[in-house]
Amino acid sequence: MNGSLPALTPGLLLAGAVTAAAVSLWLLLPRGAESRLARSLGLVLGAVALAGFIAAGRRLGSLGEEAVFLTVALVAVVSGAATIVTRSPVYSAIWFALSLAGVAGVLLVLGAQFLGVATIVVYAGAILVMFLFVLMLAQPSGLAPYDRVSNEPLLSAVAGAVLLGLLSLSIGRLSTDASCCAVPSKAAAVTGAAQPPAPPTADDPLAVDQVARLGGELFGRHLLAVEVAGVLLLAALIGAIAVVTRGEAALEQDRRLAAGGGNR
Amino acid sequence: MMPLLAAGSTALLHNALLVGAILFALGLVGILTRRNLIVMFLSAELMLQGISVSLVAWSRYHGDWGGHVLVIFVLTVAACEAAVALVFVLQAFSRTGRLDAAAWQALREATLSRSVDHALPESDAVPPRWPRLARAGVLPPADEDAALEREHV
């Protein structure tokens, strides 16, 4: 694979990429004083880390598939990193929306059409707009001091690097041979482009009527869980309203106590 | 109809799991370091996105619906969590006037020491450059009644 660099095993490559990513995050996270040198060094190290991860990734079938997956994955990862290093929380939320678009693209490449669209609609359309509303309600003008410093960036970057290192090393140990460990009964019908395309089974996520099948699965096998999720949504709705109203009452009481404790 | 990518291919599974792991680790770093409550919640959502990508990748590999169904429930729980958490964030903001997680460090363990901001830069914030718009049209005549009414609204 790496003919020019025989010493560069995949494990070593991943370790280097993870280390570069951690140092880059540590340099880029808000740490009080802005330093142009640290910023540009962090960007360069981030690019190095991304290149390492791309090199550690396995090659998909053709160049087109590779390019599509690489594009959406890069959008997701780069804007995810920008979400946590941006000082302004409004920009942070907007980067997160872009990261959601990348994740939706990855889900589409993985064949999850309904989930890709639902991620955009539910997350970017509803949840993120709710976040932005709260930001507009609560954000003081300008950059707050607590947005320009962060808690223990070095230790957190090391913790993230350890986690990512463990995860990516165990992911890298996945066998390259698809036939060794796939569940034969389910995956055999959809394994490999070399075989003639099998007729879509009930479990084929690439079938034409995929959304209908997902709905059938959801409201068939998982009907009880759907009901429980509905109860959960109702409870969250009522709980949010209850906390708002009771919280207002408690605030009012606090103000009265602070204004004149002797009146009570 | 031939699928775009062969299902059950380990290369696609490997790459998607790697993307999911990177997103999860980024969210972890964000929730550990950032002090703005809303950015902390955005980081938690980033971790959920990483989980979703991994679940769908496994679901694709095995050719069944389990991961898809789990991701739908992840979306549901994330919506509930965001609603309740944002209510708490708003309550916390109206009590302290800040979105700072360190404003609540009075709730820490008695054995832990107080975290103090050592160096808070005051002047490094670049003043924003707003666009200058050319004045166009005429100034509408002032309506005194409307101005009076607006005060009561």
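Residue numbering restarts at 1 for every chain, and letters A, B, ... go by the order of the sequence lines.
Both the backbone and the side chain of B:V56 have a heavy atom closer than 4.5 Å to some heavy atom of chain A. At a 4.5 Å heavy-atom cutoff, the contact between A:L115 and chain B is made by side-chain atoms alone. Proximity to chain B is limited to the side chain of A:L128, based on heavy atoms less than 4.5 angstrom apart. Interface remark: A:V106 contributes side-chain atoms only to the contact with chain B (heavy atom separation under 4.5 Å). Within the 4.5 angstrom heavy-atom criterion, atoms from both the backbone and the side chain of A:L233 approach chain B. Heavy-atom distances place both the backbone and the side chain of A:S168 under 4.5 Å from chain B. Only the side chain of B:L48 comes within contact range of chain A, judged by heavy atoms closer than 4.5 Å. Both the backbone and the side chain of A:F131 come within less than 4.5 Å of a heavy atom in chain B. Residue A:I241: no heavy atom, backbone or side chain, is found under 4.5 Å from chain B. Of the atoms belonging to B:L42, heavy atoms from both backbone and side chain fall under 4.5 Å from chain A. Contacts between A:V228 and chain B at a heavy-atom distance below 4.5 Å are absent for every atom of the residue. Contact annotation for B:A78: both backbone and side-chain heavy atoms come within less than 4.5 Å of a heavy atom of chain A. Only the side chain of B:V89 comes within contact range of chain A, with heavy atoms under 4.5 Å apart. Heavy atoms of A:L232 lying under 4.5 Å from chain B belong to its backbone as well as its side chain. For A:A161, no part lies near chain B; criterion is any non-hydrogen pair under 4.5 Å. Contact of A:A93 with chain B is made through backbone and side chain together, with heavy-atom distances under 4.5 Å. There is no contact between A:F133 and chain B, counting heavy-atom distances below 4.5 Å.
Heavy-atom proximity under 4.5 angstrom to chain A picks out B:A25, B:L26, B:L28, B:V29, B:G30, B:L32, B:T33 from residues 25-33 of chain B.
Counting non-hydrogen atoms of other residues, nucleotides and ligands closer than 6.0 Å to CZ of B:F88 gives a total of 12 or fewer.
Interface remark: of the candidates A:V122, A:T119, A:L107, A:L107 forms the most heavy-atom pairs closer than 4.5 Å to chain B. Contact tally against chain B (heavy-atom pairs below 4.5 Å) for A:L155, A:L70, A:L14, A:L25: the top residue is A:L25.
Side-chain atoms of A:S150 come within 3.5 Å of backbone atoms of A:P30 as a donor-acceptor pair (strictly under, hydrogens ignored).
A salt bridge (charged side-chain N to carboxylate O under 4.0 Å, His left out) check over residues 80-89 of chain A, counting only residues at least two apart or in different chains, returns the pairs A:E34-A:R87. The salt bridge (charged side-chain N to carboxylate O under 4.0 Å, His left out) analysis of residues 78-99 of chain B, with sequence neighbours excluded, yields the pairs A:D254-B:R95, B:R98-B:D100. The stretch residues 234-244 of chain A participates, sequence neighbours left out, in no salt bridge (charged side-chain N to carboxylate O under 4.0 Å, His left out) pair at all.
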